[in-house]
*Asks:* 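Here it is, the structure in full.
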2 protein chains.
Amino acid sequence: MMDTQDKFCVTNWLYKVGLRPTQQRIELANLLVGNNSHQHITAERLFEKAKEAKISVSLATVYNTLHTFSEAGLLNKVIVDGARCYFDTRLDNHSHFYWEDTGQLTDTPGNFLEIKNLPEPPINSEITSVDIIIRLKEKN
Amino acid sequence: MMDTQDKFCVTNWLYKVGLRPTQQRIELANLLVGNNSHQHITAERLFEKAKEAKISVSLATVYNTLHTFSEAGLLNKVIVDGARCYFDTRLDNHSHFYWEDTGQLTDTPGNFLEIKNLPEPPINSEITSVDIIIRLKEKN
DNA sequence: GTATATGCAAACCGTTTGCATGGCT
DNA sequence: AGCCATGCAAACGGTTTGCATATAC
């Protein structure tokens, strides 16, 4: 029953942006936003979680789905590391801590960081995003 | 003669951080900082430039050298794109424009961008850098 | 002489792609 | 019925690695 509610919820979440609510999308969406908490996840990690949850989905579809979702504006892509690529379920503008030792990405606490004197975009260009990454390392 | 001066200069630049001034390092260093102007360059691009300049160096050494230089504090590594990795010859804290259409990385004009209310680093961690990337796309 | 840098080619790894199959409307 | 999503496996591309050779001190 809770399950049905969840599925209904993400189905709408998909419909709103014109995406077909296929089985894989619904189940991945539930893993991503089903519990109403925010997360920063990589494709590989989501694939693992899907396997743990006995969801039948291929790695290619996980990649496809994450990109489709982020192009549709349901997720934000965050690039902090040359290797991996993170997807953020929080959509508002906010900055991140990147833990270089563990590879974890978290939101910065509070939301009061602000930028003064943001430069104007050069002519014939527009700003798509302003990404702020605060890189952390363990203090010894 | 100008050439000798340049080589002497980068030799010192290397010595100061305890790096052996080998032929490849000297020549790559000249390509990087020899002309006193700042640049944002990828390993592949530097390798191309080296070939153009008839410098005998392997791609592996270009990668090695760029990492060695950045670990020694002679260059800054900038991550903006999941694929490539950029190295910045400017060492002070500054923000970047990233042109998504062309893959170019440039400094933002002026230097008056400032951050208010930077969050405190969590306990047992310290900030290694605060990276600000302003992503741009062409306006149609 | 010894430690370190270099070159080469092969391995690596996250990601993407092509194409045949399956599912949604 | 038709379009779109999925799965598989192979390709991709920037980067890294292992090891033999060459170079700096």
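Below, chains carry the letters A, B, ... as their sequence lines are ordered, and counting in each starts from 1. Please read these numbers as outputs of a predicted model, since none were measured by experiment.
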*Asks:* Kindly check if the number of other-residue, nucleotide or ligand heavy atoms within 6.0 Å of CD (A:Glu52) is above 12?
*Replies:*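 Yes, CD of A:Glu52 has more than 12 neighbouring heavy atoms, counting only those of other groups under 6.0 Å.
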
*Asks:* Choosing from D:dT15, D:dG7, C:dT15, which nucleotide comes nearest the side chain of A:Ser58?
*Replies:*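 Minimum distance to the A:Ser58 side chain belongs to D:dG7.
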
*Asks:* Looking at the side chain of A:Thr65, which of C:dA5, D:dT6, D:dT16 is the nearest nucleotide?
*Replies:* D:dT6

*Asks:* Given D:dT6, C:dT25, C:dA5, which nucleotide is nearest the side-chain atoms of B:Arg20?
*Replies:* C:dA5

*Asks:* Which whole-number value in Å describes the distance from B:Leu59 CG to D:dG14 P?
*Replies:*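 Interatomic distance, CG of B:Leu59 to P of D:dG14: 10 Å.
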
*Asks:* Any idea which of C:dG14, D:dG7, C:dT6 is nearest the A:Tyr63 side chain?
*Replies:*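 Of all the options, the side chain of A:Tyr63 is nearest to C:dG14.
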
*Asks:* Taking CG from B:Asn64 and C1' from D:dT23, how many angstroms apart are they, rounded to a whole number?
*Replies:*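 Nearest whole value for this atom pair: 15 Å.
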
*Asks:* From CD of A:Glu44 over to C1' of C:dT15, roughly how many Å is that when rounded to an integer?
*Replies:*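 Whole-Å distance recorded here is 9 Å.
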
*Asks:* So does A:Tyr15 get a side-chain nitrogen or oxygen closer than 4.0 Å to the phosphate oxygens (OP1/OP2) of C:dT25?
*Replies:*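 So the side chain of A:Tyr15 is within the cut-off, an N or O lying under 4.0 Å from OP1 or OP2 of C:dT25.
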
*Asks:* Atom CG of B:Leu28 to atom C1' of C:dG7: distance rounded to whole Å?
*Replies:*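 The distance from CG of B:Leu28 to C1' of C:dG7 comes to 13 Å, rounded to the nearest Å.
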
*Asks:* Using whole Å, report how far CG of A:Leu19 lies from P of C:dT25.
*Replies:* 11 Å

*Asks:* Under 4.0 Å: is that the gap between some side-chain N or O of A:His67 and OP1 or OP2 of C:dT16?
*Replies:* yes

*Asks:* Rounded to whole angstroms, how far apart are CG on A:Asp81 and P on D:dG14?
*Replies:* 17 Å

*Asks:* Quick check: are there more than 12 heavy atoms from other residues, nucleotides or ligands sitting under 6.0 Å from CD of B:Glu114?
*Replies:* yes

*Asks:* Considering non-hydrogen atoms only, spot the tightest contact between A:Pro21 and A:Ile26 and give its length.
*Replies:* O-CD1, 3.4 Å

*Asks:* A:Phe47 near the nucleic acid: base, sugar-phosphate alone, or nothing, with a heavy-atom cut-off under 4.0 Å?
*Replies:* nothing

*Asks:* Mind checking A:Ala83 for me? I need base, sugar-phosphate or nothing, with any heavy atom below 4.0 Å counting as a touch.
*Replies:* sugar-phosphate

*Asks:* Do B:Thr61 and B:Ser58 pair up side chain to side chain, a donor and an acceptor below 3.5 Å, judged on atom types alone?
*Replies:*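 The criterion, which ignores hydrogens and geometry beyond distance, is satisfied for B:Ser58 and B:Thr61.
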
*Asks:* What is the distance from CD1 of A:Ile26 to C1' of D:dA5, rounded to the nearest Å?
*Replies:*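 My rounded result for the distance is 12 Å.
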
*Asks:* Where each residue is assigned the nucleotide of DNA chain D containing its nearest heavy atom, which of A:Thr68 and B:Thr22 is assigned the position nearer the 5′ end?
*Replies:* A:Thr68

*Asks:* Using a cut-off of strictly less than 4.0 Å, decide whether A:Gln24 has a side-chain nitrogen or oxygen near OP1 or OP2 of C:dG22.
*Replies:* no

*Asks:* With no hydrogens and no angle check, do the side chains of A:Trp99 and B:Ser125 hold a donor and an acceptor under 3.5 Å apart?
*Replies:*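 Looking only at side-chain atoms, B:Ser125 and A:Trp99 do not form any donor-acceptor pair under 3.5 Å.
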
*Asks:* Please list all pairs meeting ring pair (Phe, Tyr, Trp, His ring centres under 6.0 Å) that have one or both residues in residues 34-64 of chain A, counting only residues at least two apart or in different chains.
*Replies:* A:His40-A:His96

*Asks:* Looking at A:Thr42, I'd like to know whether one of its side-chain N or O atoms comes within less than 4.0 Å of OP1 or OP2 on C:dG14.
*Replies:*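 No, no such contact exists.
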
*Asks:* Counting the atoms with a prime plus P, OP1 and OP2 as sugar-phosphate, which does A:Arg84 contact under 4.0 Å by heavy atoms, base, sugar-phosphate, or nothing?
*Replies:*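 The answer is sugar-phosphate, as A:Arg84 gets under 4.0 Å only of primed atoms, P, OP1 or OP2.
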
*Asks:* Counting heavy atoms from C-beta on, name the nucleotide in D:dC25, C:dG7, D:dT6 closest to the side chain of A:Arg25.
*Replies:* D:dT6

*Asks:* Using a cut-off of strictly less than 4.0 Å, decide whether B:Thr61 has a side-chain nitrogen or oxygen near OP1 or OP2 of C:dG7.
*Replies:*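 The answer is yes; a side-chain N or O of B:Thr61 sits under 4.0 Å from OP1 or OP2.
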
*Asks:* Checking all strands, does B:Phe87 fall into the base, sugar-phosphate, or nothing category for heavy-atom contacts under 4.0 angstrom?
*Replies:* nothing

*Asks:* Whole angstroms only, please: what is the CD-P distance between B:Gln23 and C:dT6?
*Replies:*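 Roughly 10 Å, once rounded to whole Å.
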
